[in-house]
Amino acid sequence: MEKSSKVFVRIKPFLSENIVTSVESTIVMESASYKKGDIFDVHPVFYAGCAMAGYTADDFQMQDDTGTFGFTCEDSMGDFGPQRTYRFDRDVTGRLVITYRTKTLEKNPNKADPGFSLFRTYGGYTASGLAFLVLPMKGEFEFSIEHDLSSFPSKAEAVCSYGKGNFIKCCDAKTLKETFYMVGNLKEFHREGSKLHIIWLADEIRMIDDFCRSMAELFDYTEKMFHDEDIPYYIFLYPTPRTVATGTGLTRCCSFGFGDQLVDQIEEAEPIIAHELVHNWLIVSADREEEISLFAEGTAEFYSCYILFMVGKIDADRYVDMINEKLRAYYVNPYSKGDFSGAFRKSWTHCYAQRVTYGRGVLTLIELDALLNRCTEGKVRMYNLMVELLDGAKEGIPMTWNRFVELADLYTAGKASLRLTELMEEGITAPAADFFGPEYTVEKVAAPVMDNGFDDTVRYSHDQVVTGVKPGSNAEKAGLRNGDVILKASSEWEAVDDENMHLVYQVRRGETELTIEFLPRGEKVPCWQYVKC
């Protein structure tokens, strides 16, 4: 396909009793040319634990100048979960029209969902493009996106990180997939002259004014800190009954779940707000997905603390405490030991494995920052390196993992790449004692390791049937048994951060429903914490 090839995309939601029940997409290419067996797209079936459309070959209606045809499907495992490859079952030529439709999902309020799925909500829908769009994946096209909102009984709007309404964009398919879409009766916070847009569908969100004000303050500081270019940024907000806010960043936008009924002060949500904002700027490309993830989550965790400190949201003591909390959560994670690549591959199949990326990332950033400081006698810190990466990107130098390592090596006489290799392989190691300067050092302490007491792949399985209950574990002592079906569970993610937090499982055993509560901890393991000298 030539770069100038045009692709028309119509996205049409269908409503029943003010509920979006399904979304239909139609793709039109006026001058298509494919051979039998050519790949049209690779679409996730699950992505980061979230259900995607999962189209089968029968879900597509396809036609070109010579008649109807279809796809053959191949399933495989991608970096973020199961995926499906769609290949043409014959040669295709001329005007290509592909139509497919998927049902919306009802969001589970008790699940810390990243928000990638296609959810019906408040008379509209929210979704990442990854959830439902199947597009020509090879090459760049002139995409013309049209939102057909004729089924809505009242005025409705569509928005993504490229603005409201219909739009034309020259890009690859990945660009359209890696954004969030929100459609319905939109509400918006936007200040004149600002690039920040906060969008939501809910009729009422408690503390919305405080939320928007705090988000705007953090955004204004962060964009200046990272020498931002003049491109809008969208936050797609939804209320959640969960205690801790959740967020997921994509291109120039993030989906943010705000526990408006349980948060007493907006300060409780600010760390995750800062985390998701950092994702907007600090993203690199790499040959290995684990390098992309380590950089993205590590920098977001690292700078979320730094930004809150620099803005004055927290004092110096709280800044140190936040870093210690992140390190502690890392050391008590049973998957933190050993090679990072092994833990990363288990991120979407094993409970707790996903958290390794965050902790190993913070540890890596601490180590490199201290190394840069030592090698340059305080002239270069990690912040300077990030700004150099961002400024280089504006001049056409790609932001890549290799570029990041090259810059770090330049200032450390090659020591950075050696230390990075060690950090990717070691797992359990003490952080740099001089990171906070001469007033602090690191102290080795002990803390109980996370241990659910049963096979933790269960929590990512479809049927949630308990297996592998460990004899003598807290789970067994509390009454959990093999064969129990988990109906509802409290957040393991939150339990990592609080060694006194009990997990509560509602399970079905035969015809009986039981509530089982226990402390998900095991033997003590070494941790390192920053303390004043």
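Residues take their numbers from the sequence shown, with the count starting at 1.
- Note on ring orientation: taking the six-membered ring where Trp is involved, the planes of F116 and Y47 are perpendicular (angle over 60°, cut-offs 30° and 60°).
- At least one donor-acceptor pair under 3.5 Å links the side chain of S304 to the backbone N or O of A300.
- Of the possible polar contacts, none joining the T126 side chain to the M182 backbone as a donor-acceptor pair under 3.5 Å is found.
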Does the salt bridge (Lys or Arg N to Asp or Glu O under 4.0 Å) test come out yes or no for D497 and R355, once each step is laid out?
CA-CA 11 Å; D497 300 315; R355 285 291 296 266; 2.9 Å; yes
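- Side-chain atoms of R403 and T400 include no donor-acceptor pair closer than 3.5 Å.
- Side chains of E388 and Y411: a donor on one and an acceptor on the other come within 3.5 Å.
- Applying the ring pair (Phe, Tyr, Trp, His ring centres under 6.0 Å) test to every pair with at least one member in residues 375-394, sequence neighbours left out, gives no pairs at all.
- Using cut-offs of 30° and 60° on the angle between ring planes, the pair F132 and Y181 is perpendicular.
- Listed for the Q529 side chain is a donor-acceptor partner under 3.5 Å among the backbone atoms of N324.
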Start with the C-alpha gap between Y530 and D321, add the side-chain angles, then the distance that decides, and say whether side-chain hydrogen bond (donor to acceptor under 3.5 Å, both in side chains) holds.
CA-CA 8 Å; Y530 285 101; D321 287 344; over 6 Å; no
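- A donor and an acceptor atom, one from each side chain of T457 and D455, are located under 3.5 Å apart.
- No donor-acceptor pair under 3.5 Å is formed between the side chain of T179 and the backbone N or O of L176.
- The line from CD of E425 to CG of D339 is 6.5 Å long, rounded to the nearest 0.5 Å.
- In this model, a donor atom of one side chain and an acceptor atom of the other lie less than 3.5 Å apart for R360 and Y330.
- Between atom SG of residue C50 and atom CZ of residue F119 there is a gap of 6.5 Å, rounded to the nearest 0.5 Å.
- Interatomic distance, CE of M77 versus CZ of R345, reported as 12.5 Å (0.5 Å rounding).
- Salt bridge annotation for R521-D451: absent, with no cationic side-chain nitrogen under 4.0 angstrom from a carboxylate oxygen.
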Checking salt bridge (Lys or Arg N to Asp or Glu O under 4.0 Å) for the pair R328/E325: CA distance, chi angles, key distance, verdict?
CA-CA 5 Å; R328 195 178 187 91; E325 289 165 4; over 6 Å; no
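- Side-chain N or O atoms of D409 include one that pairs as donor or acceptor with a backbone N or O of A416 at under 3.5 Å.
- Using a 4.0 Å cut-off between a side-chain N of Lys or Arg and a carboxylate O of Asp or Glu, K532 and D317 qualify as a salt bridge.
- For an aromatic pair to be called close, the ring centres must be under 6.0 Å apart, and Y233 with F219 satisfies this.
- Between the side chains of Y55 and D41, no donor-acceptor pair is found at a separation under 3.5 Å.
- A salt bridge is absent between K379 and E377; no separation between the charged side-chain nitrogens and carboxylate oxygens falls under 4.0 Å.
- In this structure, F226 and Y303 have perpendicular ring planes: the angle between them is above 60°, well past the 30° mark.
- Between F40 and F88, the angle of the ring planes goes over 60°, which puts this pair in the perpendicular group of the 30/60° scheme.
- No side-chain N or O of T357 forms a donor-acceptor pair with one of E297 less than 3.5 Å apart.
- Using modelled atom types, one finds no donor on one side chain facing an acceptor on the other under 3.5 Å when comparing Y440 with D434.
- Relative orientation of the H147 and F167 rings is tilted, given thresholds of 30° and 60° on the angle between their planes.
- No more than 12 heavy atoms of other residues, nucleotides or ligands shown are found within 6.0 angstrom of CG on D287.
- In this structure, F256 and F211 have tilted ring planes: the angle between them lies in the 30° to 60° band.
- From E289, atom CD reaches atom CZ of F344 across 5.0 Å, with rounding to the nearest 0.5 Å.
- Salt-bridge annotation for E74 and R84: absent, with no side-chain N of the basic residue lying under 4.0 Å from a carboxylate O of the acidic one.
- The aromatic rings of H275 and H279 lie perpendicular to each other, with more than 60° between the two planes, well past the 30° mark.
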List the steps and the verdict of ring-ring contact (aromatic ring centres under 6.0 Å, His included) for H197 and F189.
CA-CA 6 Å; H197 301 257; F189 168 86; 9.6 Å; no
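- With a 4.5 Å cut-off on side-chain heavy atoms, C171 and E142 do not count as touching.
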